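For the numbers below, each heavy atom of this structure counts, side chains included, while hydrogens, waters and symmetry mates do not. What you see is a predicted model; the values in this text were computed from it and never measured.
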Amino acid sequence: MRALVQLAVFALALSLVRCEHDFSRYSFQTTLNTQENGGLYELYWTFDNEAEKISFAVRVNAAGWVGFGLSPNGQMPDSDVVIGWVPSEGDPVFHDRFAGGREPPTIDEQQDWVLKGGEEENGFTILEFSRKYVTCDDYDLPITPETARVIWSFHATTDPTSEVLTFADRHSHRGALSLNLLGGLPDAAPDPLGLDSYDITVNGIIIPENDTTYWCAAFRLPEDIRTQKKYITKFSPSVTKGNDAHVHHLLVYLCDSLNETHVGNGGSCRDGVANEVAECRSGVLIAAWAVGGETFVYQNNVAFPLR
């Protein structure tokens, strides 16, 4: 009897399991907002250069409306956006819009952002949509291989009462992030076996009050890199989550003129480090990253020699 009871409970548990939304068709993913900052906002995307089309999905921990778009500078004026929501009854509501200023976005007469699906699932609103890279619509911003300023917003609890938005429908959360939407490698080959990796990190920095600071630090490469023939096959940025708003670019130079006395956490390139460290910027540039960039991978059979 005990075995039969356990089997019945197990069958009941299986019947309550729900399949979550499948995002595996998308090649790229990033987090635009965290749960700790008011609600998780995840962005997924993939692109087709042959069709010149990009597809997106957003998954937002919100029961209200969700906004996503492109901006010339990360602000609302002159932005190209979409806003959608899933009502308690009926089909999802979704519109291609534009914002002429700091005002509720207006519905675009030419609807170039196309809704592919929308639903609410376990407290999250999910919208899937696509757009051509270039639409020939004066209110749409082109999607190019250059860094894009992505803007996002949502209301945690409330849908608009009308398709014509007012200031009463104002977001509860918003933000912006620089992304290279077309610069990734969806089909990048896996790393060959036996590769070594080396991290270059600067920790515990107190950001100066200056508008812009250039920070220089010297590192000693491991013995095998200094004495054997080594090649760079890829490099990736390593920016602590939450600090990305303060980091604009990273440059790594190879210098032969430094010694152990120069190694450390560094300081201002202008007056916080030895001249030899600051002058290393005239050395051999071996890696570079800027806002919106991701991992850089050399093509097959191509690598950068360190010696």
Check your understanding: Is the distance between the ring centroids of Phe129 and Phe94 less than 6.0 Å?
Key ->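 For Phe129 and Phe94, the ring centres are under 6.0 Å apart.
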
Euclidean distance, [Y] [atom2] relative to [X] [atom1], rounded to 0.5 Å:
{"X": "His21", "Y": "Glu119", "atom1": "NE2", "atom2": "CD", "answer": "5.5 Å"}
{"X": "Asn265", "Y": "Trp215", "atom1": "CG", "atom2": "CH2", "answer": "7.0 Å"}
{"X": "Gln29", "Y": "Ser27", "atom1": "CD", "atom2": "OG", "answer": "12.0 Å"}
{"X": "Leu165", "Y": "Arg170", "atom1": "CG", "atom2": "CZ", "answer": "13.0 Å"}

In the single-linkage hydrophobic clustering (I, L, V, M, F, W, Y; side-chain heavy atoms under 4.5 Å), do [X] and [Y] co-cluster?
{"X": "Phe124", "Y": "Trp85", "value": "no"}
{"X": "Phe154", "Y": "Leu127", "value": "yes"}
{"X": "Tyr44", "Y": "Leu70", "value": "no"}
{"X": "Phe296", "Y": "Ile200", "value": "yes"}
{"X": "Leu285", "Y": "Leu254", "value": "no"}

Check your understanding: For Arg59, which of Glu128, Glu42, Glu121 qualifies under side chain to side chain donor-acceptor pair (under 3.5 Å)?
Key ->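 Testing each of Glu128, Glu42, Glu121 against Arg59, the sole residue satisfying side chain to side chain donor-acceptor pair (under 3.5 Å) is Glu42.
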
Check your understanding: Of the options Asp48, Thr144, Asn49, which is the one that meets Tyr133 in a side chain to side chain donor-acceptor pair (under 3.5 Å)?
Key ->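 Only one of Asp48, Thr144, Asn49 forms a side chain to side chain donor-acceptor pair (under 3.5 Å) with Tyr133, namely Asn49.
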
Exercise for review: Quick one: closest heavy-atom pair of His171 and Ser153, and the distance?
Suggested key: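 Minimum heavy-atom separation between His171 and Ser153: CB-CB, 4.0 Å.
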
Other residues, nucleotides and ligands only: do more than 12 of their heavy atoms fall within 6.0 Å of [atom1] on [X]?
{"X": "Asn210", "atom1": "CG", "answer": "yes"}
{"X": "Asn259", "atom1": "CG", "answer": "yes"}
{"X": "Glu109", "atom1": "CD", "answer": "no"}
{"X": "Glu146", "atom1": "CD", "answer": "no"}
{"X": "Lys230", "atom1": "NZ", "answer": "yes"}

Practice item. May I ask you to test the Ile207-Thr213 pair for a side-chain heavy-atom distance under 4.5 Å? Key: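 They are not in side-chain contact.
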
Exercise for review: May I have the step-by-step check of disulfide bond (SG atoms under 2.5 Å apart) for Cys280 and Cys216, ending in yes or no?
Suggested key: CA-CA 9 Å; Cys280 183; Cys216 289; over 6 Å; no

Check your understanding: Applying the ring pair (Phe, Tyr, Trp, His ring centres under 6.0 Å) test to Phe56, which of Phe47, Phe68, Trp45, Trp152 qualifies?
Key ->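 Only match with Phe56 under ring pair (Phe, Tyr, Trp, His ring centres under 6.0 Å): Phe68.
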
**Study point:** Geometric class of the Phe235/Tyr298 ring pair [parallel <30°, tilted 30-60°, perpendicular >60°]
**Key:**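 Aromatic pair Tyr298/Phe235 classed perpendicular.
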
